[in-house]
Number of protein chains: 2
Amino acid sequence: MDTARQLDTTYKAQPPMEASKPDTATRILDVAERLFVEHGFEATSLRMITQQAEVNLAAVNYHFGSKDALFESVFMRRLTPLIAACLAELDGMEAQFGTLTPEQLVMAFIRPCLALSKDPSRGGALFVRLLSRTLVENHRLLRETLSQQYSVFVQRFGKAFHRALPALGQEDLAWRMHFAFSVMFNAFAGNDVLKIFVRSQIVSARDPDMIVKHLVPFVVAGLTSPPLR
Amino acid sequence: MDTARQLDTTYKAQPPMEASKPDTATRILDVAERLFVEHGFEATSLRMITQQAEVNLAAVNYHFGSKDALFESVFMRRLTPLIAACLAELDGMEAQFGTLTPEQLVMAFIRPCLALSKDPSRGGALFVRLLSRTLVENHRLLRETLSQQYSVFVQRFGKAFHRALPALGQEDLAWRMHFAFSVMFNAFAGNDVLKIFVRSQIVSARDPDMIVKHLVPFVVAGLTSPPLR
DNA sequence: GTCTATACCGTGATAGAC
DNA sequence: GTCTATCACGGTATAGAC
């Protein structure tokens, strides 16, 4: 078919009615992303993915190697730019303000997350949920890949936090960063820990701006409380 | 075999060398608990469980109905007493001190968790990890069961928090409780959000007392920060 | 290089004999 | 209560078509 089009370009160079299909690998990624978000990793079968993507079952293993590797690809396609955006935001704010306040630091991380959650073309709010949930759940598939690729992120933010909170010792600071990112990832994951027990209409509001409005003061208060001892 | 023993009780009423085996259902529960903690739910097959428990494969479905229901049983065997212990702790402290401080409230929840994590006969630290991780991950298997059975827990603690933090509005309070329990469950889950990125020897310390020492001030600071607006 | 059809083995579940 | 046999479905590997 491609050769035919090349030979006779007058005969519809692009099929007019048929929406220009992305290539096989991209179709798989798009469908897999949606299904992983909707049903979770385990509950999504390769046969569901390949059927909706209109590709052969074996195409997944050909292009990605395994279901695990496919998940990693789906995940990294979004996370890599997000991490870069966070680092850029941090650099930009430090260039503008010098040493940042804890609140500014928290916002340097949160703002790109908010932007991503409002951009449907990059997965939108649903993907932020998948992303956060995967980080919170400490997914076996991502432990090695992430620690190799994104140690810069923690080192960079770690230094910034150390400058913003000079009164804290190394150990104290490490714990607080750990807790702070726990809350933030959990908030974006949208898993209402308390809604498991009782339906709380208030907290289950999915509006990201609403989350941030309450989240930031909580985290900043925890970070800036008096040093231990 | 049972009939033989009943007819001739002189012939070893209890086999002497053989350690008295718990019944089938209990053996399944014990082995399943250990394997679920070690390998996770999906990675643990019924064939692994029944083999180590020395029971037939079909015994699981006979006694529990399904793998999902087995997980629920494993889980509830530990969670039900834990919830009861938290409520008892709260009642006891209120009887002693009247209206509690936010720190006392947090401790009313944390102390029973600590006790459980130090009791190997009830699953110990490993089970607390499974429990917290399951809550954090918002496991599909537990959503309905939990919200039905344990709404008392949130209602009871909600009232106590409301009395301890009278300056906060309903909405503000709900968010802060949500964040507070997020951090606490996450801490006990032992999923170091930051260790995903970089190996932090400091935070990865699994000593529960160490966790609490840093966790409580962080949570209390977040809870007691000035009301919004 | 890409894609397809198909076979393989492990999984959870279940019916029916004992 | 327990066991055997069998089922449909899961991820994966591979041989071969284009």
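More than 12 heavy atoms of other residues, nucleotides or ligands sit less than 6.0 Å from atom CD of B/E42.
For the pair A/G65 and A/M48, both in contact range of DNA chain D, the more 5′-proximal nearest nucleotide belongs to A/M48. Both B/E54 and A/L46 sit near DNA chain D, but only B/E54 has its closest nucleotide nearer the 5' end.
For C/dG12, the OP1/OP2 oxygens have no side-chain nitrogen or oxygen of B/N61 closer than 4.0 Å. When the side-chain nitrogen and oxygen atoms of A/Y62 are compared with OP1 and OP2 of C/dT2, one or more of them lie within a distance under 4.0 Å. Checking the phosphate oxygens (OP1, OP2) of D/dT2, a side-chain nitrogen or oxygen of B/H63 falls inside 4.0 Å. Within the 4.0 Å cut-off from OP1 or OP2 of C/dT2, not a single side-chain nitrogen or oxygen of A/N56 is found.
Atom P of nucleotide C/dG10 and atom CD1 of B/I49 are separated by 18 Å, given to the nearest angstrom. Protein atom CD1 of A/I28 is 12 Å distant from nucleotide atom P of C/dT2, rounded to whole Å. The distance from atom NE2 of B/H39 to atom P of C/dG10 is 17 Å, rounded to the nearest whole Å. Taking atom CG on B/L57 and atom P on D/dT4, their separation rounds to 10 Å, with Å as the unit. With rounding to whole Å, A/F71 atom CZ is found 18 Å from D/dG10 atom C1'. The distance between atom NZ of B/K67 and atom P of D/dA8, rounded to the nearest whole Å, is 21 Å. Atom pair B/L70:CG and C/dT11:C1' shows a separation of 15 Å (rounding to whole Å applied).
Heavy atoms of B/A58 sit under 4.0 angstrom from at least one base atom. Within the nucleic acid shown, B/T44 comes within 4.0 Å of sugar-phosphate atoms alone, with no base atom in reach, counting heavy atoms only.
Ranking D/dA13, D/dT4, C/dC3 by closeness to the A/T24 side chain, first place goes to C/dC3.
Between A/F181 and A/F109, the distance from one ring center to the other falls under 6.0 angstrom.
Contact of B/R47 with C/dG12 (side chain to base): a donor-acceptor pair of N or O atoms is detected under 3.5 Å.
Checking A/S121 against A/D119 by side-chain atom types alone, a donor-acceptor pair falls below 3.5 Å. Counting only N and O atoms by type, the side chains of B/R27 and B/Q52 include no donor and acceptor under 3.5 Å apart.
Taking all atoms of both residues into account, the shortest heavy-atom contact from A/F157 to A/L105 is CE2-O, 3.9 Å.
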